[in-house]
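Data block below; observations after.
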Amino acid sequence: MTDSSDYVVVGAGLAGAATAWQLAARGHQVTILERNVPASHDASSHGSARIFRYAYPDPFYTHAVQESKELWDVLALNSGSRLITPAGAADFGSERHPRLLAGVLAGAGIGHELLNAAEASARWPQIAFDTEVLWHPDAGVIDAETAVNAMVEQAVRHGARLLTGWQLQGLDKTAAGYRLRSVAGERFDAGNVVISAGGWLPGLLGGLSLPSGFLAGLPEITVRQEQAFHFRYREPETATPWPTFIHKREDIQVYGLPGGRDADFAGQKVAEYNGGRFLPSAAAQTGEVNPANRSRVVDYVRSFLPGLDPEPYAETTCLFTNTPNEDFIIDRVHNLTILSPCSGHGAKFAPLIGRWAADLATGAANVPLRFRTATTAVSSR
């Protein structure tokens, strides 16, 4: 027996949950097919600590964060959940270009300060700064897992169904849309499909019945098994509150943020950006922390974060799905939408990505062409 739905969203991470919420809120018949459970711990949307920030060198993304924040506020109000905790953000380092970022924030009307290293050190003595520092106080920390559950709950409240333990193997084009097949032999018919499979997407692309020209036009998608480490605050009761931060140097790029409940609120989460090993897809992840990466991050903490005990008290792996230029993929062909909020910076845009994907899937509106490289490639032939 084959079940069916007008719209099927594959994957209940941040992007998939947001898309299902947006579709269901518009009155569409929606089913979410999730390989495990929403915000699964072997995927990219688990845990309580993701950076919410406005600072981007590209004004497009800064304005998109402003648009996304309006939707975050709606979701928080409707769900009664605290989704973003204020913390502010410090951006510094020779490759982070704080002055350039300050100009973008000024153009968007976002409050900020540009501090020299001495001024920043006086304000945050727990951090060693090596360049001038951009500070914008409206940044914060996203509780990713709570956000996913809130969006799924909103989708269900509007009539969507959630099926867990449904792992997609492939799909076939039919006269009415698509027939999806699970690894367990289940079948599901859909008029429209949104694939939001995160790190599993590279392994699925060959089984999605995509036209060859469209498939060739998608950007290269890489998956990394990243590592994140939690370091205890040396003076948790008296220390200056910790901001989120991004520090980019020629030799290393590191980000940090208050770890939240992921590690008992006892320290700062610190990770090297794109420091993990490449995987063919998320299915190849091992969950094992690379000792060399641990050593690099520990050395960094010793050098630049004197307010932390340099021995990690907790550590974990996570998945980053990347495109070469860090743009997202939101593209559509034959009622099939491919959705990937890539490159480790998509969490803050989740509600907006959901709206863009719902607009594209329903034909209600288009999305920025920078996210539709496959369609653009096919159209230019």
Side-chain angles (χ1 to χ4, degrees), residues 1-13 15-36 38 152 155-156 158-218 221 281-283 329-340 353-354 356-367 371-379 381:
M1 184 175 181
T2 303
D3 206 343
S4 65
S5 185
D6 290 342
Y7 288 85
V8 165
V9 177
V10 177
T19 303
W21 166 39
Q22 292 288 326
L23 287 169
R26 300 178 190 188
H28 296 289
Q29 182 191 40
V30 179
T31 300
I32 308 166
L33 302 180
E34 163 55 41
R35 63 176 300 279
N36 193 345
V152 170
V156 171
H158 286 94
R161 290 186 297 166
L162 169 66
L163 300 182
T164 58
W166 210 104
Q167 185 174 349
L168 180 67
Q169 183 179 62
L171 55 77
D172 303 301
K173 192 80 176 67
T174 67
Y178 291 93
R179 172 160 290 180
L180 297 90
R181 296 172 277 105
S182 79
V183 296
E186 303 152 300
R187 299 178 299 177
F188 205 103
D189 287 345
N192 300 269
V193 179
V194 178
I195 303 291
S196 183
W200 280 267
L201 182 58
L204 285 173
L205 285 174
L208 297 182
S209 298
L210 294 170
S212 59
F214 182 90
L215 184 60
L218 289 172
I221 301 170
S281 83
I329 300 171
I330 310 174
D331 213 340
R332 180 174 181 260
V333 62
H334 299 165
N335 292 356
L336 177 62
T337 301
I338 303 295
L339 177 59
S340 185
I353 289 171
W356 278 333
D359 284 344
L360 187 62
T362 61
N366 212 325
V367 303
F371 303 145
R372 302 199 67 189
T373 59
T375 293
T376 301
V378 171
S379 300
R381 293 182 178 180

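Computed from a predicted structure; not experimentally measured.
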(message) Could you work out, with side chain to side chain contact (heavy atoms under 4.5 Å, CB included) as the rule, every residue matching Ala184, not counting sequence neighbours?
(response) Ser182, Glu186
(message) Please find the pair of heavy atoms, one from Ile330 and one from Ala357, that lie closest to each other, and give the distance.
(response) CG2-CA, 4.1 Å
(request) Only counting residues at least two apart or in another chain, list the ones meeting side chain to side chain contact (heavy atoms under 4.5 Å, CB included) with Asp6. (result) Gln29
(message) Minimum heavy-atom separation for Val30 and Ala24, please, with both atom names.
(response) CG2-N, 3.8 Å
(request) Report yes or no: does Glu34 contribute a side-chain atom to a donor-acceptor pair with the main-chain N or O of Ala12 at less than 3.5 Å? (result) yes
(request) Could you tell me which non-hydrogen atom of Gly217 sits nearest to which non-hydrogen atom of Thr373, and how far apart they are? (result) O-OG1, 3.2 Å
(request) State which residues pass ring-ring contact (aromatic ring centres under 6.0 Å, His included) with His28; sequence neighbours excluded, sorted by chain then number. (result) Tyr7
(request) List in chain and number order the residues that pass side chain to side chain contact (heavy atoms under 4.5 Å, CB included) with Asn335, two or more places apart in sequence or in another chain; answer none if no residue qualifies. (result) Tyr178, Asn192, Arg332
(request) Could you tell me which non-hydrogen atom of Ala190 sits nearest to which non-hydrogen atom of Val8, and how far apart they are? (result) CB-CG2, 3.5 Å
(message) Measuring from atom CG of Leu180 to atom CG of Asp3, what distance do you get when rounded to the nearest 0.5 angstrom?
(response) 11.5 Å
(request) Could you list the residues that satisfy side-chain hydrogen bond (donor to acceptor under 3.5 Å, both in side chains) with Thr31, not counting sequence neighbours? (result) Ser5, Arg161
(message) By the salt bridge (Lys or Arg N to Asp or Glu O under 4.0 Å) test, which pairs, at least two apart or in different chains, include something from residues 188-205?
(response) Arg179-Asp189
(message) Quick check: do Arg26 and Asp359 have side-chain heavy atoms less than 4.5 Å from each other?
(response) yes
(request) Identify, with sequence neighbours excluded, every residue that meets ring-ring contact (aromatic ring centres under 6.0 Å, His included) alongside Phe371. (result) Phe60, Phe328, Trp356
(message) Please list all pairs meeting salt bridge (Lys or Arg N to Asp or Glu O under 4.0 Å) that have one or both residues in residues 192-201, counting only residues at least two apart or in different chains.
(response) none
(request) Could you list all the side-chain hydrogen bond (donor to acceptor under 3.5 Å, both in side chains) pairs where at least one residue sits in residues 163-173, not counting sequence neighbours? (result) Asp172-Arg181
(request) Just jot down the side chain to side chain contact (heavy atoms under 4.5 Å, CB included) partners of Val156, sequence neighbours excluded, or say none. (result) Val152
Could you give the side-chain donor-acceptor pairs of residues 194-209 under 3.5 Å, partners two or more places apart or in another chain?
unit_1, atom_1, unit_2, atom_2, d
Ser196, OG, Gly16, N, 3.2
Ser209, OG, Leu171, O, 2.9

(message) Using the side-chain hydrogen bond (donor to acceptor under 3.5 Å, both in side chains) criterion, which residues pair with Thr375? Sequence neighbours excluded.
(response) Asp331, Arg372
(message) Once rounded to the nearest 0.5 Å, what's the spacing between atom CD1 of Ile329 and atom CD1 of Ile353?
(response) 11.0 Å
